[in-house]
Amino acid sequence: MQKVRLKWVKNRGLDHLIERTTSIRASCLLLDHLARLPTSSPVPARSLARLQKPLGLTVPQPHPRFPTLPSFSLTPASHTLLARLADASARDAHLRLARLLLLTRSRSLPLASVLPLRFDLGLPFNFAAAFPAFHPGVFGVANNRISLLSASGLPEDIAVSSLQRRHAAAIDSATYRALSRPPSSSSAPLAFPMRFPRGYGGMKKVKAWMDEFHRLPYISPYDDASGIDPESDIYEKRNIGLLHELLGLTVHKMVRRNAIRLLREELGLPHKFTRLFTRYPGVFYLSLKCKTTFVVLREGYERGKLVEQHPLAAVRDKVYYVMRTGVLYRGKGLSRLVLDEDVAEEEGELDGEEFQGEGMDEDADVECFGMDIVDDDGPADDEDDEGDSDG
């Protein structure tokens, strides 16, 4: 298969979403950290200094005369938010972890490799102890590794990729005309949704390349790929499908590249896996915002909003909004926190656009570098050899 390397194109809308999600991550992790402290006393800012890097916080300097100031403590409203976060996470967090383990060669991962994905997968802080206890026979922890012991008791489609489930649903509702299209069509079964940067999608050379790519057999990321040549085009398509599934498992349809690097060997990815993101910009968007490298699943967003918003993402949005604005509805001598969007709209207290993600259009590709296409069997991407600032 002839490979076409497309130059990187900056996307202002997706960069904005990455910045916002990074702030949401810091807000939720800080709230979680304060809730797990053994004391309810205010926590001095200086004690949070060690969390600056993992949480992305800017910790204020201590007061020159009073070293315990500023300090932080939880309000009564925070306990309501924490309960809602826990309820939303408990819905399917174990299924997300089970699917992640099914993607690996050994159905197990070091806990140190899963922890950086805890926020992305919506896992509770104590997942390593809670999941084996609540799902005995399914999860097990030994030698600092968490394993999927058995898929019994899990949904039947636990090892079916999101692309396969979507295709099956489309067949159920498709017309005879849609099903009779030839396999060589750009809308062939199991074709990856493509959203190219502005200026690329209409290029004949790119269309021909994608048609050829989609005609290759689709290998489910949950199937054993040990018998496939790692240098073949089919294996590359398998890797695209695996990364597509991995990003689809995340709550916000994005993840830091360093977190994927920790899983690389278990997932069977090549050493320089970043070239897969840059080679298929219609599927992924690679960004250097927030002093690290993020990968976004393009199909996960439509006009600045998640296409399928998980309940946990909705609650996290509320946490972020409350922490930013401290909005309390005060009326008739009462003080209460507005948590429901419909109530907020009735009272006119929350700005809907701000609450929903500021309505940015993720298709606003505003800056490009070298809008040309280059035949290249192996782009020399050296990013994988460099560490991101977040470790």
Show me the donor-acceptor pairs, under 3.5 Å and distance only, between side chains in residues 149-158 and residues at least two apart or in other chains.
residue	atom	partner	partner atom	Å
Ser150	OG	Ser152	N	3.1
Ser150	OG	Ser152	OG	2.9

Check your understanding: Within the side chain of Asn126, is there an N or O that forms a donor-acceptor pair under 3.5 Å with the backbone of Ala129?
Key ->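 Flag not set: sc Asn126 to bb Ala129 has no pair under 3.5 Å.
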Check your understanding: Distance-only, no hydrogens or angles: does the Trp8 side chain make a donor-acceptor pair with backbone N or O of Leu286 under 3.5 Å?
Key ->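 Yes: the side chain of Trp8 pairs with the backbone of Leu286.
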Between the side chains of [Y] and [X], is the shortest nitrogen-to-carboxylate-oxygen separation below 4.0 Å, so that they form an ion pair?
X      : Y      : answer
Glu299 : Arg166 : yes
Lys289 : Glu19  : yes
Arg275 : Glu236 : no
Asp233 : Lys237 : no
Asp32  : Arg118 : yes
Asp211 : Lys207 : no

Check your understanding: Do any pairs count as a ring pair (Phe, Tyr, Trp, His ring centres under 6.0 Å) and have a residue in residues 87-106, sequence neighbours left out, and if so which ones?
Key ->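 Qualifying pairs, neighbours excluded: His94-His135.
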Point to revise | Donor-acceptor pair between Arg107 and Ser147 side chains, under 3.5 angstrom | key: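 Judged by distance alone, the side chains do not pair up.
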Review point. Between the side chains of Gln164 and Ser161, is a donor N or O closer than 3.5 angstrom to an acceptor N or O?
Key: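 Yes - a donor-acceptor pair under 3.5 Å links their side chains.
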Practice item. Identify the residue among Leu109, Leu97, Thr104, Leu102 that makes a side chain to side chain contact (heavy atoms under 4.5 Å, CB included) with Leu148. Key: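 When Leu109, Leu97, Thr104, Leu102 are each tested with Leu148, the side chain to side chain contact (heavy atoms under 4.5 Å, CB included) holds only for Leu102.
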Path from [X] to [Y] over hydrophobic side-chain contacts below 4.5 Å:
X      : Y      : answer
Leu117 : Leu95  : yes
Leu14  : Val307 : no
Leu115 : Leu249 : yes

Exercise for review: Would you please indicate if the ring centroids of Phe213 and Tyr280 are separated by under 6.0 Å?
Suggested key: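 Yes, close enough.
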Point to revise | Evaluation steps, side-chain hydrogen bond (donor to acceptor under 3.5 Å, both in side chains), between Thr274 and Arg257 | key: CA-CA 8 Å; Thr274 300; Arg257 186 185 61 180; 3.3 Å; yes
Exercise for review: Establish, for the pair Arg316 and Phe119, whether the NZ or CZ atom is under 6.0 angstrom from the six-membered ring centre and no further than 45 degrees off its axis.
Suggested key: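 Satisfied, under 6.0 Å and within 45°.
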Check your understanding: After noting the C-alpha distance and the side-chain angles of Arg256 and Thr292, does the key distance pass the side-chain hydrogen bond (donor to acceptor under 3.5 Å, both in side chains) rule?
Key -> CA-CA 7 Å; Arg256 292 170 297 172; Thr292 188; over 6 Å; no
Practice item. Measure the spacing between NE2 of His252 and OG1 of Thr22 and express it to the nearest 0.5 Å. Key: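 Reported value, rounded in 0.5 Å steps: 10.0 Å.
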Would you say [X] has more than 12 foreign heavy atoms packed within less than 6.0 Å of its [atom1]?
X      : atom1 : result
Phe192 : CZ    : yes
Asn143 : CG    : no
Glu308 : CD    : no

